[in-house]
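Keep in mind that the numbers below use all heavy atoms, side chains included, and drop hydrogens, waters and symmetry copies. Remember, predicted model here, so these are calculated numbers, not experimental data.
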Amino acid sequence: MHQQITMDFSRKWTIEAMARLINFSPSYLYTVYKQIFGVSPLSYIITLRIERAKMILIESKNAHK
């Protein structure tokens, strides 16, 4: 599931949708994910989106030089 989120981070993920993928309850998924990765699943997605936005801005800035 972590890899699927990483590959498709632009999708409108919810904790419920993620939990359904692996047959976990949303609360159990949240707990386990945070224990393993140190952040909640939704925080991880937000981080991926921010990093991607930074890359786009840098590429855009470099293209206009």
Side-chain angles (χ1 to χ4, degrees):
M1 182 202 64
H2 182 75
Q3 185 176 12
Q4 188 171 358
I5 292 170
T6 303
M7 299 297 290
D8 193 14
F9 62 88
S10 62
R11 179 177 165 182
K12 281 195 158 209
W13 287 104
T14 64
I15 194 76
E16 291 80 10
M18 290 181 245
R20 273 193 304 270
L21 281 176
I22 56 175
N23 295 318
F24 282 5
S25 72
S27 60
Y28 184 67
L29 170 62
Y30 179 90
T31 301
V32 170
Y33 199 95
K34 192 159 185 171
Q35 286 176 346
I36 293 171
F37 297 107
V39 295
S40 73
L42 296 178
S43 291
Y44 176 67
I45 292 168
I46 290 168
T47 300
L48 288 174
R49 290 174 179 164
I50 290 169
E51 290 303 314
R52 178 65 182 137
K54 281 195 235 178
M55 287 174 35
I56 290 169
L57 288 171
I58 290 168
E59 289 169 3
S60 173
K61 182 180 174 185
N62 289 338
H64 293 356
K65 284 187 174 183

Applying side chain to side chain donor-acceptor pair (under 3.5 Å), can you list everything that pairs with K54, at least two apart in sequence or on another chain? E51

For T31, which residues count as a side-chain contact (heavy atoms from CB on, under 4.5 Å) partner, sequence neighbours excluded? Q35

Run through the side-chain heavy atoms of Ile, Leu, Val, Met, Phe, Trp and Tyr, join any pair under 4.5 Å, and report what else lands in I50's cluster. I46

Correct closest heavy-atom pair for R11 and R49 would be O-NH2, 2.7 Å

Side chain to side chain donor-acceptor pair (under 3.5 Å) partners of S27, counting only residues at least two apart: S25

Applying a strict under-4.5 Å side-chain criterion to I, L, V, M, F, W and Y, I'd like to know whether L48 and I36 cluster together. yes

Pairwise side-chain contact, W13 with L21, heavy-atom cut-off 4.5 Å (strictly under): yes

Can you list the residues that meet the side-chain contact (heavy atoms from CB on, under 4.5 Å) rule with E16, with sequence neighbours excluded? T14, R20, P26

Return the set of residues passing ring-ring contact (aromatic ring centres under 6.0 Å, His included) with F37 (not counting sequence neighbours), or none when no residue passes. H2, Y33

Could you tell me if the side chain of M18 sits less than 4.5 Å from the side chain of I45, heavy atoms only? yes

Side chains of T6 and Y44, heavy atoms from C-beta outward: is any pair under 4.5 Å? yes

